[in-house]
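So you know, we letter chains A, B, ... as the sequences are listed, proteins then strands, and number each from 1. Only this structure's heavy atoms are used, side chains among them; waters, hydrogens and symmetry mates stay out.
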Amino acid sequence: MMKPRVRFAPSPTGFLHVGSARTALFNWLYARATGGSYILRIEDTDQERNRPELTEQLLEELDWLGLDWDEGPIYQSEKLERHREVVQTFLENGFAYLCDDENREVEGTGLTEGLAVRFRMPQNKTISFNDLVRGEVVFNTDDLEDFVIWRSNGSPMFLLANAVDDADMGITHAIRGEDLLSGVPKVLLLLDAMGAQHPIYAHLPLLVNEQRKKLSKRRDDVAVGDYREKGFLPEAMVNYLALLGWGPPDGVEIRSLAEIVEIFSIEDVNKAAAFFDIQKFEHINSSYLRNLSKEDFMERVEPWIGGETSWPKENFDPEKFSIMADLIQEKLRTLSDTPRFVDFLFLDTPEIDENSWKKTMKDPQTVDTLLGYVAGSFEDCAWETDVLKHLVTKAGEKVDLKLGKAQAPLRVAVTGRTVGPPLFETMACCMTREEVLKRISDTRKSL
RNA sequence: GCCCCGUUCGUCUAGUGGCCUAGGACGCCAGGUUCUCAACCUGGUAACACGGGUUCGAAUCCCGUACGGGGUACCA
């Protein structure tokens, strides 16, 4: 049997849509699972999209996801002559005709400036094909109209370019979104007119938002780059995307792409649209984050603590951060969570979270007394995790609070939040006695 | 309007005529652990859209209805 040849054929819009990424992934998976070739083709026949910088971004995102291609990128805009040639043949053979901007047929068999070309739809002809995901799909040509294949400005239309290039490139399987399903009969007719073979189609279910509408740029967060900037890992992204419209037979959802390749089958893909659930995505991402080695984690998190930050750059202490990394890595859902877990170490005064303050400082009298005891005992103790913990426990006992409650106001005083890294270890390892006492005293003054 | 596609817990899915009193995961709820939790552990909640067939037997096959979606451009 011939080795499959699949392609991902995005139109350059300046960013990679998560739905497109999913399509790219499934093509890639199919190629890798079958030993076929995965080809990248840029569909830039629309002049507005024929700009290199729009494509650059696309390639960069695909690269980030690790979806390497075997051939290409092939630019459709460079195939203009071939497209023209096919249209010209269609004109000569009567498969297509010239028409003016009022959609009136114009006599002639030669491509003419200012005139478009329409493909002539045969009458009452049944067209069917066997979709790998959906089974047999049937259309009748009477429901279809003559469609433009060549613009009056001298450029090919999408369907024409698509059909010609698939044929020329020897594409065996067209795996793509369901939104392209109704275009298939037209492409099949074009292929027939060229005397070319039909590829096998597989139409993937659409990715939808909470309104069950196709994910759109206007309403939804659709750019892969956005998720990248939010601190999602590429391996988590492709893992999650693979779970949309497909499920592993053994139920193990979190696994590497290499493993997925082993068990992936295009026939197992679902028919129904899938909701892009950010919560599940975050769960998967946090799992990948937790499993990163220290070294790897430090490298990946760098942009979030070394770039634009809420603290003055000169205050940053890599050694302290390295200690903190061990304490917070397992708590993160995305890399962008990192700064707020450590910012209090590098800010002169911690940023106090309003809700945290309200929650823990409800009883100023008690808090003041408690923090008084804490400050007193912190004055000249050994500056060690266990000692600090012990002293806070003792201080708590004096105001009748267990450690769980007693540490809360102190945590807010020191870090600004009720949620954060382990407090005593953080203070002992990354803060000085003076800093801590200063924050306690500042807090008591604002009670 | 017309054409096409779809419909299993809130969500993503397993399920391809008996293993289904429908399994897993996320979420949610409860409990536990812990110095906090948005971390971790344990348990629980919750679904075959509806109506007809076919069959000894249907979530699984067929038909219809309802609902949802996609397409219908000289965009891709």
Side-chain angles (χ1 to χ4, degrees), chain A residues 9-13 20 43-49 76 99-101 103 115-118 131 133-135 137-140 142-145 147-159 161-162 176-185 203 205-206 208 210-214 240 243-254 267-268 270-284 286 290 327-333 337 340-341 356 360 385 388-389 392-393 396 402-408 410-412 415 417-427:
Chain A
S11 159
T13 50
S20 301
E43 306 222 324
D44 56 353
T45 53
D46 183 7
Q47 318 249 329
E48 280 175 38
R49 308 195 187 196
Q76 211 160 47
C99 80
D100 63 18
D101 51 13
N103 284 346
L115 292 181
V117 178
R118 298 187 100 91
D131 190 283
V133 173
R134 275 146 227 286
V137 183
V138 184
F139 291 85
N140 187 292
D142 283 355
D143 298 318
L144 274 15
E145 279 138 28
F147 58 101
V148 175
I149 55 176
W150 190 260
R151 297 189 184 88
S152 55
N153 72 2
S155 62
M157 284 290 285
F158 157 67
L159 289 173
N162 191 269
R176 51 194 205 162
E178 199 203 333
D179 51 342
L180 299 175
L181 186 62
S182 15
V184 174
H203 286 90
L206 255 21
V208 297
E210 46 280 276
Q211 276 87 242
R212 298 252 127 211
K213 298 242 196 279
K214 181 165 78 160
Y240 179 58
L243 262 16
L244 260 21
W246 175 84
D250 60 7
V252 180
E253 295 185 321
I254 300 183
E267 284 88 0
D268 291 340
N270 285 151
K271 300 171 171 73
F275 170 60
F276 189 88
D277 185 357
I278 189 81
Q279 289 203 80
K280 181 145 185 176
F281 185 18
E282 282 179 344
H283 172 261
I284 290 172
S286 70
R290 264 198 301 285
L327 303 176
I328 64 167
Q329 188 179 341
E330 63 175 26
K331 295 172 183 291
L332 305 173
R333 288 182 309 187
D337 286 340
R340 64 200 170 114
F341 272 95
S356 296
T360 51
T385 305
L388 298 181
K389 181 176 175 181
V392 174
T393 308
K402 288 193 178 159
L403 184 55
K405 292 278 181 201
Q407 60 84 41
L410 177 61
R411 179 184 292 277
V412 174
T415 72
R417 299 185 184 87
T418 52
V419 174
L423 183 60
F424 305 116
E425 201 166 345
T426 303
M427 290 193 298

Does B:A30 have a Watson-Crick or wobble mate here (both distances under 3.5 Å), and if so which one? B:U42
Can you tell me how far P in B:A30 sits from the matching atom in B:C9, rounded to whole Å? 24 Å
Ranking B:U11, B:C35, B:A76 by distance to the side chain of A:F424, first place goes to B:C35
With a 3.5 Å limit on both atom pairs, tell me what B:U72 is paired to, counting Watson-Crick and G-U wobble, or say none. B:G1
Can you tabulate the close N/O pairs, meaning under 3.5 Å, that link protein atoms to atoms of nucleotides 68-73 of chain B?
residue : atom : partner : partner atom : Å
B:G69   : OP1  : A:K213  : NZ           : 2.4
B:G70   : OP1  : A:K214  : N            : 3.4
B:G71   : OP1  : A:K214  : NZ           : 2.8
B:G71   : O4'  : A:S182  : OG           : 3.3
B:G71   : O2'  : A:S182  : OG           : 3.2

Holding to side chain to side chain contact (heavy atoms under 4.5 Å, CB included), I want the full list of residues that pass it with A:T426, two or more places apart in sequence or in another chain. A:M324, A:L327, A:F344, A:L345, A:P421
Among B:A38, B:A14, B:C26, the one nearest A:N270 by side-chain distance: B:A14
Write down the distance between CG (A:D268) and C1' (B:C12), rounded to a whole number of angstrom. 16 Å
5' precedence on RNA chain B between A:L332 and A:D100 (nearest-nucleotide basis): A:L332
For atom C1', what is the distance between B:U65 and B:U21, given to the nearest Å? 29 Å
Side chain to side chain, A:I254 and A:H283, heavy atoms closer than 4.5 Å: yes
So do A:R176 and A:N162 actually touch side chain to side chain, heavy atoms under 4.5 Å? yes
Applying ring pair (Phe, Tyr, Trp, His ring centres under 6.0 Å), name anything that partners A:F276, two or more places apart in sequence or on another chain. A:Y227, A:Y240, A:F281
Expected rows: protein N/O vs nucleotides 59-61 of chain B N/O, under 3.5 Å:
none

At a cut-off of 3.5 Å, list every protein nitrogen or oxygen paired with a nitrogen or oxygen from nucleotides 29-32 of chain B, distance to 0.1 Å.
none

Considering only heavy atoms from C-beta outward, does the side chain of A:R118 approach that of A:E145 to under 4.5 Å? no
Does the base of B:U36 carry an N or O that pairs as donor and acceptor with the side chain of A:K405 under 3.5 Å? no
In whole angstrom, give me the gap between the C1' atoms of B:U60 and B:G23. 16 Å
Of the nucleotides B:C2, B:U36, B:A39, which one has an atom closest to the side chain of A:D143? B:C2
For A:D101, side chain to side chain donor-acceptor pair (under 3.5 Å) partners two or more places apart: none
Considering Watson-Crick and G-U wobble pairs with both distances under 3.5 Å, what does B:A25 pair with? B:U11
Not counting sequence neighbours, which residues clear side chain to side chain contact (heavy atoms under 4.5 Å, CB included) with A:N140? List them please. A:N124, A:T126, A:D142, A:D143
When you check the phosphate oxygens OP1 and OP2 of B:A76, does a side-chain N or O of A:T45 lie under 4.0 Å from one of them? yes
Listed by chain and number, what are the side chain to side chain donor-acceptor pair (under 3.5 Å) partners of A:E267, not counting sequence neighbours? A:S265
Ignoring hydrogens and geometry, is there a side-chain-to-backbone donor-acceptor pair from A:T415 to A:R411 under 3.5 Å? yes
What I want to check is whether an N or O donor and acceptor connect the side chain of A:K389 with the base of B:C35 at under 3.5 Å. no
What integer number of Å spans the C1' atoms of B:G71 and B:G10? 29 Å
A:D131 side-chain N/O to A:H203 backbone N/O, donor-acceptor pair under 3.5 Å: yes
Could you encode protein contacts along nucleotides 41-50 of chain B as a string, one character per nucleotide from 5' to 3', using B for base contact, S for sugar-phosphate-only contact and - for no contact, with a heavy-atom cut-off of under 4.0 Å? ----------
With A:T360 via side chain to side chain contact (heavy atoms under 4.5 Å, CB included) - residues at least two apart: A:A408, A:V412, A:T418
Have a look at A:R134 and say if it touches a base, only the backbone sugar-phosphate, or nothing, with a 4.0 Å heavy-atom cut-off. sugar-phosphate
What interatomic distance, in whole Å, is found between P of B:A38 and the corresponding atom of B:G31? 14 Å
A:V419/A:K331 under side-chain contact (heavy atoms from CB on, under 4.5 Å): CA gap, chis, key distance, verdict: CA-CA 10 Å; A:V419 174; A:K331 295 172 183 291; over 6 Å; no
Taking N and O atoms by type only, does the side chain of A:R340 place a donor or acceptor under 3.5 Å from a partner on the base of B:A38? yes
What verdict does the side-chain contact (heavy atoms from CB on, under 4.5 Å) test give for A:V117 and A:V148, after you've listed the backbone C-alpha separation in whole Å, the side-chain angles of each residue and the deciding distance to 0.1 Å? CA-CA 6 Å; A:V117 178; A:V148 175; over 6 Å; no
List in chain and number order the residues that pass side chain to side chain contact (heavy atoms under 4.5 Å, CB included) with A:Q76, two or more places apart in sequence or in another chain; answer none if no residue qualifies. A:R41, A:E43, A:D44, A:T45, A:H83, A:A161, A:D165
Counting only distance, no hydrogens or angles, is the base of B:A38 paired donor-acceptor with the side chain of A:K331 under 3.5 Å? no
Quick one: does A:R417's side chain have a donor or acceptor within less than 3.5 Å of a partner on A:R340's backbone? yes
Rounded to whole Å, please give me the gap between CD1 in A:I284 and C1' in B:G27. 13 Å
Measuring to OP1 and OP2 of B:C40, would you say a side-chain N or O of A:R290 lies under 4.0 angstrom away? yes
What contact category does A:V137 fall into here, base, sugar-phosphate, or nothing, at under 4.0 angstrom with non-hydrogen atoms? sugar-phosphate
A:A408 vs A:F276, nearer the 5' end of RNA chain B by closest nucleotide: A:F276
Once ring pair (Phe, Tyr, Trp, His ring centres under 6.0 Å) is applied, do any residues pair with A:W150, and if so which ones, sequence neighbours excluded? none
A:N140 side-chain N/O to B:C4 phosphate OP1/OP2 under 4.0 Å: no
Rounded distance in Å - CD1 (A:I328) to P (B:C35): 20 Å
